[in-house]
Amino acid sequence: MDRRTFISLSALLPFFGFGKLIGSLSKDSSNSIFKRSLLKDPDKIVDLHHALKYRIISQKGLPMSDGFKVPGLADGMGAFLIEDEIVLVRNHEIVPKHGMGQGAFQNPDTQIDLLGDRHYDSNAIGGTTNIVLDKNSKKVLKEYLSLSGTMQNCAGGITPWDTWLTCEENVSINRKEQISHGYVFEVDPKRPSINRPIPLKKMGRFNHEAVAFDRFNNAYLTEDRTDGLIYKFVSKDQNNLKDGELFALRIKDIKDSRNWNNSLVELNRSYLADWVKIEDPDPENDTVRFEGMTKGATPFARPEGIITDGRSVYICCTSGGRLKKGQIWKIAPTLSKEFSIELWYEVQDKASLNMPDNITIAPWGDLIVCEDNSDINRLWGLTSKGKPYLIAQNSYSRSEFAGACFSTLDNTMYINIQSNGQTLLIDGKWNEVIS
């Protein structure tokens with residue numbers, strides 16, 4: 001159990017009244033009711049379990065504290081405790097075709113020019129924003145641009161030293177300025193203004209989705225493609241990601257993990273896996289996964305959300321399985337080259353999960369999963385036994401949920417409704433949700 005998980009669980013014990021059940025809360029939270037009734041929202045934002053309530057804490061287009069405006073298409077997000085404040089670092093999955101109006105700038109040409117080298121690419125308007133809240137009242141104190149000029153910032157992850165990694169899901173090149181995309185960038189939540197954009201090129205140039213760290217401080221990265229790979233980055237120096245080695249995951253005796261046509265991978269069976277080294281992590285073209293597959297790396301069906309509970313690493317593959325409605329894989333990290341991997345969950349029906357994407361760990365130990373499909377998107381919990389329970393549903397805009405994360409102090413969840421451009425705070429009696 002890592003420090004963040006321990007602190008979160010400890011803070012929740014009085015709330016749940018579960019005494020000394022640290023580490024085993026999820027065993028008591030089974031619920032197999034898929035179609036649990038949710039309260040219809042009169043404001044037509046989100047339907048929630050009756051024990052929960054929400055509050056909108058940020059809306060795209062509104063002015064921020066630094067004079068910019070809240071960008072649209074909020075995606076991955078992380079929560080930090082900085083002294084007496086909660087700081088949310090939030091990605092914005094914007095590309096130029098969305099239009100400059102989706103970005104943070106009222107006057108893009110002038111404002112981007114004034115940012116100078118604090119803006120990565122003059123043609124790009126993605127990046128991150130920070131929302132600062134009082135830890136007690138949860139009142140928003142300020143909101144500001146924290147990374148600028150990157151491309152299609154999808155998900156990311158929190159480092160063991162409490163910074164945010166934001167990942168570009170785009171490998172385009174600004175050839176005029178010779179600026180490439182497809183990288184990971186680090187954002188310091190303690191910085192009260194914009195961070196200087198420095199690409200972590202050794203972590204690979206590909207369609208990044210998210211990142212999570214094992215207990216050995218190695219980073220695991222996902223690649224959102226139908227033949228995407230799962231990667232591990234081993235840094236050369238502790239708490240520094242500028243240099244290191246990149247590897248791709250290979251399941252021994254399994255050439256294809258996707259189970260689209262034939263169920264080559266059995267559910268809940270442990271498979272032996274290892275890592276193949278990527279010699280060219282920063283190629284000119286989008287070839288990292290091809291190098292990996294040439295060396296035997298296993299392709300996955302759109303690896304997206306990734307999270308760790310301190311013992312295992314869980315990975316959502318959004319279009320895996322016979323129904324192409326999703327898989328969740330579980331890795332047991334080791335210090336040796338070989339390790340075990342398990343197809344922990346695969347959607348087998350049309351009533352439960354439908355294309356899982358962003359994922360996080362709840363303070364009580366369950367997985368919280370955001371859907372991203374073209375039908376109706378929902379927010380689910382998954383117990384340690386793989387039993388789903390419904391938390392919320394977007395019945396109104398078809399937008400995906402994204403960026404689900406919990407306060408490091410209590411049971412408060414923060415989440416984005418991406419196309420709405422809204423960031424929500426959700427809290428209430430979670431013990432009723434999981435019972």
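Quantities reported herein were computed from a predicted structural model and do not represent experimental measurements.
- Proximity of a side-chain donor or acceptor of K69 to a complementary backbone N or O of G101 within less than 3.5 Å is detected.
- Between D75 and A155, the shortest heavy-atom distance links the atoms OD1-N, 4.0 Å.
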Subject >> Derivation and outcome, side-chain contact (heavy atoms from CB on, under 4.5 Å), residues D410 and W430 >> reply: CA-CA 11 Å; D410 52 31; W430 286 100; over 6 Å; no

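- Between the side chains of E346 and Q327, at least one donor N or O sits under 3.5 Å from an acceptor N or O.
- When only modelled atom types and interatomic distance are considered, D366 and Y389 share a side-chain donor-acceptor pair under 3.5 Å.
- Taking every heavy atom of both residues into account, V171 and G182 meet most closely at CG1-CA, 4.1 Å.
- Identified under the side chain to side chain donor-acceptor pair (under 3.5 Å) test for residues 198-215, with sequence neighbours left out: K202-D243, D214-Y220.
- Aromatic rings from F68 and Y144 are positioned such that their centres are separated by 6.0 Å or more.
- Annotation: side chain of V87 is in contact with side chain of V132 (closest heavy-atom distance under 4.5 Å).
- With values rounded to the nearest 0.5 angstrom, T128 atom OG1 is found 6.5 Å from L145 atom CG.
- Between P299 and S257, the closest heavy-atom pair is O-OG, 2.8 Å.
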**OP:** In sequence, state the C-alpha distance, the side-chain angles, and the governing distance for F80 and W164, and then conclude on side-chain contact (heavy atoms from CB on, under 4.5 Å).
**Re:** CA-CA 9 Å; F80 302 84; W164 174 251; 3.9 Å; yes

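- Side chains of H181 and S172: no donor on one and acceptor on the other come within 3.5 Å.
- Exactly one residue among N358, I361, L382, T360 makes a side-chain contact (heavy atoms from CB on, under 4.5 Å) with I368. That residue is T360.
- Checked by atom type, the side-chain pair E186/T159 shows no donor-acceptor distance below 3.5 Å.
- Once rounded to the nearest 0.5 Å, the distance linking CE of M100 with CD1 of I125 reads 5.0 Å.
- Closest approach of L133 to Y414, counting heavy atoms only: CD2-CE2, 4.3 Å.
- In terms of modelled atom types and a separation under 3.5 Å, the side chain of R378 and the main chain of S352 share a donor-acceptor contact.
- With 3.5 Å as the limit, one finds a donor-acceptor pair spanning the side chains of Q393 and S395.
- Looking only at side-chain heavy atoms (C-beta outward), H119 and F105 come within less than 4.5 Å of each other.
- The backbone N or O of G428 lies less than 3.5 Å from a partner atom in the side chain of N411, making a donor-acceptor pair.
- Panel note: side chain N217, backbone F213; no donor-acceptor pair is recorded below 3.5 Å.
- In plain terms, the two heavy atoms of L38 and D47 that are nearest each other are CD1-O, 3.8 Å.
- No donor-acceptor contact under 3.5 angstrom links the side chains of S399 and N394, judged on distance only.
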Contacts table for residues 187-194: side-chain donor-acceptor under 3.5 angstrom, sequence neighbours left out:
from, atom 1, to, atom 2, distance (Å)
D188, OD1, K190, N, 3.0
D188, OD1, K190, NZ, 3.3
R191, NE, I194, O, 2.7

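- Ring pair Y120/F185 is perpendicular by interplanar angle, where above 60° counts as perpendicular and below 30° as parallel.
- If you take CZ on R302 and CZ on R225, they are separated by 11.0 Å, rounding to the nearest 0.5 Å.
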**OP:** Apply side-chain contact (heavy atoms from CB on, under 4.5 Å) to L249 and I331, showing your working.
**Re:** CA-CA 10 Å; L249 190 153; I331 294 175; 3.6 Å; yes

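- In this structure, Y271 has its ring center at least 6.0 angstrom away from the ring center of W329.
- Side-chain contact of T423 with N416: a donor-acceptor pair under 3.5 Å is present, judged by distance alone.
- Between the side chains of Y396 and D41, not a single donor N or O lies within less than 3.5 Å of an accepting N or O.
- The shortest side-chain heavy-atom distance between E143 and R90 falls under the 4.5 Å cut-off.
- Looking at heavy atoms from C-beta onward, L221 lies in side-chain contact with V184 at the 4.5 angstrom threshold.
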